[in-house]
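None of the values given here were measured: they were computed from a predicted structure. In what follows, every chain begins at residue 1, and chains take the letters A, B, ... in the order their sequences are listed.
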Amino acid sequence: MGTIVFFYFAGVIVATAALVVALRSPVYSALALLVMFFHVAGLFVTLHAEFLAIIQILVYAGAILVLYLFVVMLLNLKREERFQHQLTVGLFLGCMLFAEAVLLVAKGKTSLGMNLPAPGEFTQLTQGNTESIGELLYSTYLFPFEIASLILLVAMVGAVILTKKGILEAKS
Amino acid sequence: MDTGIRLALTLSQIGVVMGIVLLTVALLTLLERKVLGWMQDRMGPMEVGPYGVLQPVADGLKLFFKEDIIPAGANKFMFSMAPVLSLVPALIGFAVIPFGPDWTIEVGGVAFKPFVITDINIGILYILAFASIGAYGVILGGWSSNSKYSLLGGLRSAAQLISYELNVGLSLVGVLLLSGSLSLVTITNAQEGGFWNWYFFAFPFPQAVAFVVFIISSVAETNRTPFDLPEAESELVAGFFTEYSGMRFAFFFLAEYANMILVSCVATVLFFGGWHAPFAFLQGPESLHWLTGMIWFTIKVYGFLFLFFWLRATLPRLRYDQLMRFGWKVLLPIALGNIVLTSIFAYIFSGN
């Protein structure tokens, strides 16, 4: 049963991910991406990671993709501008990522050096999902977490400066 | 066998909840017009049935038999998808709302909670996530209609939903800090005993300010006056659903009202004790908790729905830039400040 569910989710994820790049209309691509986000969330649920599943929908589907659609509608790109030839770059990056994935699975370790769990085995949490993630973030991974928030802050300040060009020019 | 019983139970539960929600929507359409009528010193609908009580039936029949028009040049697939994408997220949120006591009964060897469809440990995030999915229906409906009014309405709505979603989420964090849980059932149970335990009044830091932020933001998220810019009739005809008619229009309409009910339910559960009575003795004996609980829940929800109508009758519409400035420069700092203060008080009084 679990295997069937996994292959359903995995199959749909691969198919819709391919559609995102293959479809001609950016709005249809966005919708394919939406379907993919929901199936990734489903995959998280089968792994007993409900918190991640709902954050996947809340952040990616509910906020980022909506913003993306917003931009697509405002830009209203002409036909010829829609397509850019990035096949070489894409192929290079794709091969790199694929090689990395194969390497990690072959070594049986994650990028942080932890052992990958054997298939079908999952860690039994003593407390809820959300609490476990919170504890890990604020103890073991406190430093990466703080760096991530600093980067986000810089990005926010950058966005404000980019949109408010007048502020800097008035000073100089 | 167990799976079959569980499936039957859950499906019938979903059916009952959906039925009640849709009936409430029908009732609300009449109630809104009546309340607005009384506030503006007129009668409201009076033609169909005694005092116009059959008006929702007439409206429903009219919408059902209206010609379904798809405008020329519209994207047909998106045009018919959008109303569904708008209605489904509005209805799906009711799955985690506890309408009555947290009882577990056994039916044919299957444990079953009669008053909540499912008690997941991330209930409130679930509601927030699907509320944000509702924006797709609005944006795609506006975009696919091939009409300038619709497109402008859809764009406005997208910006508004994204901005105010944030405030809704942040205003709830205080309650989550005090209760230490994301499950709506646990949050309701923590507010037992009397109105001074409701998070609106609760020790150590009453969430009254957060509640005001929440209510204002949710009025904006449900596109109601004074934040109904996406459908401002004086500028945009009817906003993103200008081109819709018949059942597709009805779907958008149902979604708006279902969202109002959902928001009222969330406000009731998080800030006003859910199904708990303001005084313990008003709850009645233990065996009657299901009845008094549902009655109190209904009273509170209808109180909030009345507030929605009241606001609509009282306030003029905001201008677009006022709306954005208010959301980002007033509500957001208040919500963040509330989180900081709540965490400080919760830390001081938690005893460690």
Discussion item. Between B:Gln191 (side chain only) and B:Val269 (backbone N and O only), is there a donor and an acceptor less than 3.5 Å apart?
Written reply: yes
Response to the item:
Turns out that what part of A:Phe38 lies under 4.5 Å from chain B's heavy atoms comes down to side chain
Worksheet item: More than 12 heavy atoms of other residues, nucleotides or ligands under 6.0 Å from OH of A:Tyr68: is that the case?
Response: no
Response to the item:
When the 4.5 angstrom heavy-atom criterion is applied to A:Leu69 and chain B, the contacting part is side chain
Worksheet item: In terms of heavy-atom proximity below 4.5 Å to chain B, should A:Leu31 be classed as side chain, backbone, both, or neither?
Response: side chain
Item to complete: Please check if any side-chain donor atom of B:Thr222 sits under 3.5 Å from a side-chain acceptor atom of B:Asn259, or the reverse.
Response: no
Discussion item. Any heavy-atom pair between the side chains of B:Leu125 and A:Ile57 that's under 4.5 Å?
Written reply: no
Worksheet entry | Side chain, backbone, both or neither of A:Leu34 within contact of chain B (heavy atoms, under 4.5 Å) | side chain
Item to complete: Kindly say whether B:Glu221 contributes a backbone atom to a donor-acceptor pair with the side chain of B:Gln160 at under 3.5 angstrom?
Response: no
Response to the item:
Rounded to the nearest 0.5 angstrom, the CG-OG distance for A:Leu33 and A:Ser29 is 8.5 Å
Worksheet item: So which part of B:Leu182 gets closer than 4.5 Å to some heavy atom of chain A, the side chain, the backbone, both or neither?
Response: side chain
Worksheet item: Taking the side chain as C-beta and beyond, is there a heavy-atom pair between B:Leu128 and B:Leu172 under 4.5 Å?
Response: yes
Worksheet item: Which region of B:Leu155, side chain (C-beta onward) or backbone (N, CA, C, O), has a non-hydrogen atom less than 4.5 Å from a non-hydrogen atom of chain A, or is it both or neither?
Response: both
Worksheet, complete the sentence: Turns out that what part of B:Ala159 lies under 4.5 Å from chain A's heavy atoms comes down to both
Discussion item. If I measure from the heavy atoms of chain A, does B:Tyr136 come under 4.5 Å with its side chain, its backbone, both, or neither?
Written reply: side chain
Worksheet, complete the sentence: So, the part of B:Ile122 with a heavy atom under 4.5 Å from chain A: the answer is side chain
